[in-house]
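Just the heavy atoms: all of them, side chains too, but no hydrogens, waters or symmetry mates, feed the values below. Protein chains get the first letters and strands the later ones, always in sequence-line order, with residue 1 at the start of each.
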Number of protein chains: 2
Amino acid sequence: METLRERKKQRTRDALLRAAVELFTTRGYERTTVDEIADAVDVSQRTFFRYFAGKEEAALALQELAAARFVEAVRERPAAEAPMEALRQAVLEGWDTLGEVIEAVVPVELYLRMYRVIESTPVLLAAHLRRNEEIEDTLARVLADREGVDVDADPRPRLAVAVFGGVMRVTERRWGTDGDLSLDAMRGLTIAYLEQVGPALTQNWRSS
Amino acid sequence: METLRERKKQRTRDALLRAAVELFTTRGYERTTVDEIADAVDVSQRTFFRYFAGKEEAALALQELAAARFVEAVRERPAAEAPMEALRQAVLEGWDTLGEVIEAVVPVELYLRMYRVIESTPVLLAAHLRRNEEIEDTLARVLADREGVDVDADPRPRLAVAVFGGVMRVTERRWGTDGDLSLDAMRGLTIAYLEQVGPALTQNWRSS
DNA sequence: TTGTCAATTGTCAGACGCTGTCATTAGCCT
DNA sequence: AGGCTAATGACAGCGTCTGACAATTGACAA
């Protein structure tokens, strides 16, 4: 069982995260100060920085949950599966179960709106993309392990993951731009776009 | 002919950029303050911010030159060329002629060292990746125009560019990690990695 | 040449993110 | 209960960046 101190810390962190996301999605990221977040939870500004390395980290914390889940899903895919297929299945699985994970902290509604804030805030988008690269690095190692190749000598794991990541980014952006901001819509786009990668690279666009 | 005022402005900007890159590559990005850059050129801190939107912009200005050149090269590719081939040729052409463009502002040596600074400085890497995405957006439009498809309705231009961009990023990172930090080495890696994309996506990695 | 106008710059003040330090508070454990 | 340690608050300070205003300097016409 958890100690009182740990429970208190968890509650403070959750409260800070909730307040931050709430403010970011209403007032906007840049127009929200750390002081406002801290005040909303009634702690000092210094305490905020003890729970989050910076304002950015609070803004990306929810995405981090989704990402961690995705990496886990890839790790648990059967080894017999081809690399790209494992990534595909893992990401689809992720969209299906994401709701539960997020809902434990904030309403899914907020998660979806936070996504748009990230996409429309240059500094957040930049941080998000950098984080994506770190995740791709992890995934490349996972795939290399599965296939028994050396990730430093063989470029194929990194190439495959980079291509997959690129497609997912295009999907993500399209999703954020379209009107339908739901996990179901994301699922559909993911499937459709992954199917079109082959044709986009090899076929003649004009003849279709 | 240029007016005196314009020449002076250009000289100030060049001097600031040179001083900034010089300091970034020696002392490091984070450990260099805007005041130091401004002092090195003997202007006020405020003036620095009139020439550059922020410290970041000064750090990425050289990369911006290279990127602009690349986009131009794609625009000038013959329309008959397949999309991916046009990108491939343009980027190779870019590596060949990059030296001249850079040398007009700073020694190429500094450009190459600045690349490593970007790669190893989280906030700069993040900004670099975001800028890459903007460029990919531009390229998608260029390709869509060439092929006569609608960039908003047809996902293939964005997918193709994203895949290409992903491969280039892997190449770039490998280049920065390897010892040989020359434009020739970059050229070689680019060719090799682009050749391996197909195999990485379709073939079985274990059997080769 | 000189006076007027506009552009460039310096100075100052201040917001905001973030960090180090130290005293204070509050939970933990014997 | 009382000592130990972790968490917090309060304060001071650094660095990036912005707004406002005054001073300077180049452009251009009378």
[X] has an atom [atom1]; how far is it from atom [atom2] of [N], in whole Å?
X      : N       : atom1 : atom2 : result
Y29(A) : dC16(C) : OH    : P     : 14 Å
L16(B) : dT9(C)  : CG    : C1'   : 12 Å
F49(B) : dT9(C)  : CZ    : P     : 15 Å
F24(B) : dT16(D) : CZ    : C1'   : 12 Å
E6(B)  : dT9(C)  : CD    : P     : 13 Å
E57(A) : dC18(C) : CD    : P     : 10 Å
R31(A) : dT18(D) : CZ    : C1'   : 15 Å
F52(B) : dT8(C)  : CZ    : P     : 15 Å

Parallel, tilted or perpendicular, as decided by the 30° and 60° cut-offs, for the rings of W95(B) and W175(B):
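Because their plane-to-plane angle lies in the 30° to 60° range, the rings of W175(B) and W95(B) count as tilted.
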
Under 4.0 Å protein heavy-atom contacts per nucleotide of nucleotides 5-15 of chain D, with B for base, S for backbone only and - for none:
BBSBBB----S

Have E136(A) and N132(A) got a donor and an acceptor in their side chains that come within less than 3.5 Å?
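There is no such pair (donor and acceptor under 3.5 Å, judged by atom type) between the side chains of E136(A) and N132(A).
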
May I ask you to check whether E6(A) and Q10(A) show a side-chain donor-acceptor distance below 3.5 Å?
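Short answer, no.
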
Which heavy atom of R146(B) sits nearest to which heavy atom of P78(B), and what is that distance?
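Taking every non-hydrogen atom into account, NH2-O, 3.2 Å.
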
Determine, using ring centers only, whether Y111(B) and Y115(B) are less than 6.0 Å apart.
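Y115(B) vs Y111(B): aromatic centres not under 6.0 Å.
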
Going by heavy atoms in the side chains, are E72(B) and R75(B) under 4.5 Å from each other?
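Yes, at least one pair of side-chain atoms sits under 4.5 Å.
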
